[in-house]
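Below is one structure, written out as structure tokens, with a few remarks after it.
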Amino acid sequence: MTRRAHPTDRTSHWRFLFSLDAGHRLWSLAAVALALLAAGAAVALVASAGWLITASALAGLAAAAGAAITLEIFAPGAAIRGFAVLRTVSRYGERLLAHEAIFRIMARLRQTLFARVAARPFEALLAQRRASTQTRLMQDVQALENVHAGLLLPTLSAVIATLGLALVAGLLAGPAFALLISLLLATLALTCTAWARLQRQRHLRHALHRQRNRRDLLHLLDSHRELHFADPDDRQLQRWLRREADDALAQHHLHQRAALGEALLQLALGTTLLIALWLASRLLLAGHPSAPQLALLLIGLLALGGLWAGLARAWQQLPFTHAAIRRLLPTPDVPDTPNAPLGRAERSEPRDTTWTLHQVTLRRGIATRPLLQNQDLTLHPGDVLHLTGPSGQGKSSIASLLCGLLPAESGQITFMGQPLETLPEAERLARIALMPQDAPLLSATLRDNLRLANPQVDDRTLCEALNAVGLGYLLPDTDPETGLDTWVGLNGRALSGGETRRIALIRTLLQRSDAVILDEPWRGLDATTRARAAAWVREQQHGRTLIILDHEVRERQEGDREFGL
């Protein structure tokens, strides 16, 4: 059942849209001004051309009849050329400013969303790692990309241009013409909004069906081997294909209804034009002094069709916009500012960050043997513990247990003198730095990736760290700090697994934490590089508790402890 939006929801949605350009509103206002100028110039160009053509025709008829008549062509010709140049320049400028404004709006939106998502609890973040959730989030953001340029600016331009023509009509042809164009404006606006409201349920239902079909397709692909034996007649596939065909037909019907909405707009414009022709003929019969002025209004009215074209289709996308905003709007307990803390709290005053495990039991499943059983362990600040064991034995699970991200089956874990589960998650993650096995890079600069957990680190420290772990070749010899601007990640320079892990290692050790957990930090490194990286890790320990998870003890020093699984 689809939730019906409350009117106050719509108000908050529009308020959210208009708040996205806060701080950059001059760009949006300049784009609106140029859009209005371009719309006015387009209507004035066509109207001026109509006025000149009509005046020339009347002058030709008068000359053929032997009457003397004068015709000024230079001023109208100059006006036509001026409006043509003005329309071109203002439209080009409006495109530039509108795109700049939209880029700033979308950048703010993405930054705000990232801050809000990163501030959520760890369990909620894990739930959002599903591909369907991430796909929906990207679709919601994309649904807002075209709102300003495809809906708000064109609608505002068309409305103000129509009002301007109504004002000119009232001055040149009297109140009847002005009233007619005002009624046209009301009809067009009501048609757009009513058409969007009527098609709302169909659009949302179609979107739900498309989402369900994409999910079912992924399930079919995941289970294709089992279905090969369990469903030799391909009944599941045939059912999916039938639903896909039904959705394609529904999409075709939506396109047809969008075309019908555009036809209704053009029908309203055509009907208004016919009424305007009748009014013009009545005015001419009543002795109106200037037929070219009436022609100017009629052709200007015809030019409005180009401004209103496509708006019905754009307004039909409004239900998707409201649905996207409803999912993206901030929750009351999370601040909606791009500068909000990204899920981390600043460390308070130094405290005794001793870990104590008392009779702790941890298992991953009911039938599996415990990873820890009635285990006692104490880790003081400055201790180095090597947690070793084969792959799949639960080293990462124990790391999650020590961070408070995985509950113990029994026993108690204390950290900083109090039960670990009572500490706020943000405080725990500020005190404990964890380098997981999967440490991907962001699609950003090398500097951004290194400073992700500690933005206060200067470039010199980053360069020294890269050299210390054997990544100095990423920096140019002439100006090493410029190498930090190198774009890495998905859309940048491709790095090997060993290079990626060393960058993640630097990022983790430079975090201002009281304890560090490294999950297989030496994987993919040769002996020489591993020794260099391990020496740098010991230099950066600074009295912190260090826990290294690996298959076996590597780079051990005197005083290190070992715990095998």
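When reading the values below, keep in mind they use all heavy atoms of this one structure, side chains included, and skip hydrogens, waters and symmetry mates.
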> Taking it one step at a time, do T187 and T191 satisfy side chain to side chain contact (heavy atoms under 4.5 Å, CB included)?
Replying inline: CA-CA 6 Å; T187 302; T191 301; 4.1 Å; yes

> Can you tell me how far CD of Q511 sits from CG of L429, rounded to the nearest 0.5 angstrom?
Replying inline: 8.5 Å

>> List the residues meeting salt bridge (charged side-chain N to carboxylate O under 4.0 Å, His left out) with R447, not counting sequence neighbours, and say none if there are none.
In response: D459, D485

> Hey, does L167 have a side-chain heavy atom less than 4.5 Å from the side chain of L163?
Replying inline: no

> Heavy atoms, side chains only, cut-off 4.5 Å: are W308 and V159 in contact?
Replying inline: yes

> Of all residues at least two apart in sequence or in a different chain, which pass the salt bridge (charged side-chain N to carboxylate O under 4.0 Å, His left out) check with R242?
Replying inline: none

> Of the non-hydrogen atoms in A176 and L279, which two are nearest, and what is the gap between them?
Replying inline: O-CD1, 4.2 Å

> What do you reckon, is CG of L26 surrounded by more than 12 foreign heavy atoms closer than 6.0 Å?
Replying inline: no

> Should L269 and L188 count as side-chain neighbours, where that means a heavy-atom distance under 4.5 Å?
Replying inline: yes

> Which value, rounded to the nearest 0.5 Å, describes the distance between R91 atom CZ and L34 atom CG?
Replying inline: 12.0 Å

> R507 and L441: which non-hydrogen atoms are nearest, and at how many Å?
Replying inline: NH1-CD2, 4.4 Å

> Do you know which of T445, L450, L446 makes side chain to side chain contact (heavy atoms under 4.5 Å, CB included) with D448?
Replying inline: T445

> Of the non-hydrogen atoms in A166 and A178, which two are nearest, and what is the gap between them?
Replying inline: O-CB, 3.4 Å

>> Looking at every non-hydrogen atom in both residues, tell me the closest pair between L462 and R451 and how far apart they are.
In response: CD1-CG, 3.6 Å

>> Nearest 0.5 angstrom please: L165 CG to L185 CG, how far?
In response: 10.5 Å

> Does a donor on one side chain sit under 3.5 Å from an acceptor on the other, for Q236 and R239?
Replying inline: yes

> Of all heavy-atom pairs between A30 and L97, which one has the smallest distance, and what is that distance?
Replying inline: CB-CD1, 3.6 Å

> When rounded to the nearest 0.5 angstrom, what is the spacing between CG in D247 and NE2 in H252?
Replying inline: 14.5 Å

>> What verdict does the side chain to side chain contact (heavy atoms under 4.5 Å, CB included) test give for L274 and W278, after you've listed the backbone C-alpha separation in whole Å, the side-chain angles of each residue and the deciding distance to 0.1 Å?
In response: CA-CA 6 Å; L274 291 176; W278 178 79; over 6 Å; no

> Would a 4.5 Å heavy-atom cut-off, applied to side chains only, mark D234 and W240 as touching?
Replying inline: no

>> For A169 versus I181, what's the shortest heavy-atom pair and its separation?
In response: CB-CD1, 3.7 Å

>> Let me confirm one number: the CD1-CG distance from I503 to L442, rounded to the nearest 0.5 Å.
In response: 11.0 Å

> By salt bridge (charged side-chain N to carboxylate O under 4.0 Å, His left out), which residues pair with E481, not counting sequence neighbours?
Replying inline: none

>> Working to the nearest 0.5 angstrom, can you tell me the gap between T272 OG1 and L277 CG?
In response: 11.0 Å

